[in-house]
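First comes the structure, then the notes that go with it.
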Amino acid sequence: MPALILDITLGLVICAVALGAVLARDLLASIVFFIVYGAMLSIAWVRLGSVDVALAEAAIGAGLTGILLIGAAARLKSTERPSAPSPLVGEGRGGGGRWATHSTRLHLALIIPAVACAGLAAVLLFVLHGLLHETAGLAPLVEGNLAASGVSNPVTAVLLNFRGYDTLLETIVLVIALVAVWSVTPDRFWGGAPGLRQHARPDGVLAHFGRLLPAVGILVGIHLLWAGSHAPGGAFQAGTVFAAVWLLVAMAGLADAPAVSDRRLRLAIAGGPLVFLLVAAAGAVAGTFLGFPNLYAYYMIVTVEVALTVSIAATLAMLVLGPPRRAP
Amino acid sequence: MTAVAIFGICAATLIGIGAFGLVTRAHLLRRIVAFNVLGSGVFLMLGALGNRDPARRRRPRAAGLRHHRHRRGARSDGARGRPDRPAVRGDRPGDIAGRDEADGPDRE
């Protein structure tokens with residue numbers, strides 16, 4: 001019973017926070033709602049028994065996306081016109097007069113989508129109700145083949161062995177995203193370090209935490225990486241924690257990020273997908289592309305996970321720091 | 001009502017909220033936020049549906065939870081929200097080998 005009350009409360013809080021993220025008048029408030037939403041959602045994933053998803057949601061959904069959105073909002077602010085007329089809802093600025101003059105149109109413009117979206121949710125609920133019969137899904141298939149995968153954590157087995165293609169393409173997408181971010185660098189800054197030079201008061205909170213937390217973060221990251229083969233954890237979670245450590249050190253002004261032309265940085269970023277491809281090719285020699293022979297599967301997966309962790313950490317940190325804004 | 005049903009309803013609501021935001025918001029970032037809400041709603045719905053297997057639900061996932069269950073003995077299913085379930089494998093102290101971290105093929 002207490003668990004039921006917790007689940008219902010959690011569900012209500014998640015929906016309320018999501019409403020806040022969508023309806024908040026201020027952009028920054030909307031982003032803050034969204035970060036809280038991610039944190040609440042990760043608790044829901046724990047309640048559903050998917051600790052791996054919860055870790056990913058907390059780290060990437062709430063943390064990283066939140067930082068990226070705040071950064072984007074700060075940059076968009078400088079490009080915005082002072083009073084951009086919005087055809088629909090006033091985004092918190094100069095809305096009073098418009099609400100009075102166009103109230104009928106405005107109401108229709110809100111009521112019709114609201115009804116349509118409520119209908120969509122109702123249809124989904126109807127479909128969901130039809131699907132609620134108990135079924136094992138693909139879980140028995142995964143567990144039946146777990147012994148052949150080389151690891152005992154089913155999530156890692158699926159991600160790196162059974163559905164290795166998905167993960168391989170996912171890591172390549174990350175690298176492409178970073179290439180896209182770097183490609184908007186003005187010519188005069190190309191080859192410089194990403195972002196602006198960070199300054200923090202040497203005796204301030206940020207500088208203090210920048211020295212204190214990395215030790216803990218590195219330990220947690222190594223644990224997550226190592227635990228991935230038999231418990232919740234893995235390359236994405238560990239990589240995000242390492243990226244957070246790196247960002248903290250960079251934002252506290254303790255160590256500057258390397259220049260985007262730095263060969264070691266580029267090797268670290270491309271290393272994950274490269275090692276994955278090499279290991280996949282080694283599998284091709286043994287029989288199937290991306291197929292891991294049972295005997296070596298564990299070592300192959302750990303090799304890929306370590307390379308992916310380094311790659312993901314570097315890519316995510318560079319994504320947040322943004323394109324170079326300083327001359328080399 | 002099980003956790004699957006609760007979070008299924010929650011997911012459908014989130015998809016509705018996200019779709020509403022996507023249609024009615026003009027600002028680019030507001031649309032991205034709304035789309036993320038929609039996407040995570042879809043993901044949550046799939047996650048809830050992936051949790052329908054009763055055998056999967058019975059297994060404790062995290063080590064801490066497992067420890068907790070063992071301390072409380074066989075009648076500890078309340079931790080997973082199903083007080084009506086019979087005692088199952090994994091509830092006996094010492095029977096922790098192997099399959100506790102079963103977590104399904106669902107992840108981003």
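All of these numbers come straight from a predicted model, not from anything done at the bench. Every chain is numbered from 1 and lettered A, B, ... according to where its sequence line falls, protein lines coming before strand lines.
- A pairwise comparison of heavy atoms in A:Trp45 and B:Phe43 identifies CH2-O, 3.4 Å as the closest pair.
- Note on A:Ala73, A:Ser30, A:Ala121: by heavy-atom pairs under 4.5 Å with chain B, the leading option is A:Ser30.
- For A:Ala44, the parts lying under 4.5 angstrom from a heavy atom of chain B are both the backbone and the side chain.
- A:Leu131 contributes atom CG, which lies 9.0 Å from atom CE of B:Met45 (distance to the nearest 0.5 angstrom).
- Among A:Leu141, A:Leu128, A:Val123, A:Leu12, the residue with the largest count of heavy-atom pairs under 4.5 Å with chain B is A:Leu128.
- Scanning both residues, A:Ala18 and B:Val37, for their nearest heavy atoms gives CB-CG1, 4.0 Å.
- Looking at heavy atoms from C-beta onward, A:Ile112 lies out of side-chain contact with B:Val23 at the 4.5 angstrom threshold.
- Taking both residues in full, the closest heavy atoms of B:Ile17 and A:Cys15 are given as CD1-O, 3.6 Å, listed atom of the first, atom of the second, then distance.
- Side-chain atoms of B:Arg30 come within 3.5 Å of backbone atoms of A:Val22 as a donor-acceptor pair (strictly under, hydrogens ignored).
- A 4.5 Å side-chain heavy-atom check between A:Phe33 and B:Val33 finds every atom pair outside the cut-off.
- For the pair A:Leu10/B:Phe7, a side-chain contact is recorded, criterion being any heavy-atom separation below 4.5 Å from C-beta on.
- For chain A, no part of B:Leu22 is nearby; none of its heavy atoms comes within less than 4.5 Å.
- Scanning both residues, A:Cys117 and B:Gly16, for their nearest heavy atoms gives CB-O, 3.4 Å.
- When the candidates B:Ile15, B:Thr13, B:Leu14 are compared by the number of heavy-atom contacts under 4.5 Å with chain A, B:Leu14 comes out ahead.
- A 4.5 Å side-chain heavy-atom check between B:Ile6 and A:Leu4 finds at least one atom pair inside the cut-off.
- Expressed to the nearest 0.5 Å, how far CZ of A:Phe34 lies from CG of B:Leu29 amounts to 11.5 Å.
- When all heavy atoms of B:Ala19 and A:Leu120 are compared, the pair lying nearest together is CB-CD2, 3.9 Å.
- For a residue to count as touching a neighbouring chain, one of its non-hydrogen atoms must lie under 4.5 Å from one of that chain's; by this rule A:Leu41 touches chain B with the side chain only.
- Residue pairs satisfying the salt bridge (charged side-chain N to carboxylate O under 4.0 Å, His left out) criterion with at least one member in residues 144-168 of chain A, sequence neighbours excluded, are listed as follows: A:Arg163-A:Asp166.
- Among pairs with a residue in residues 61-72 of chain A, none fulfils salt bridge (charged side-chain N to carboxylate O under 4.0 Å, His left out), at least two apart in sequence or across chains.
- Side-chain contact between A:Leu23 and B:Phe20 is present, with at least one heavy-atom pair separated by less than 4.5 Å.
- Contacts of A:Thr167 with chain B are absent, with no heavy-atom separation under 4.5 Å from either backbone or side chain.
- Heavy-atom minimum distance, A:Ile14 versus B:Cys10: CG2-SG, 3.9 Å.
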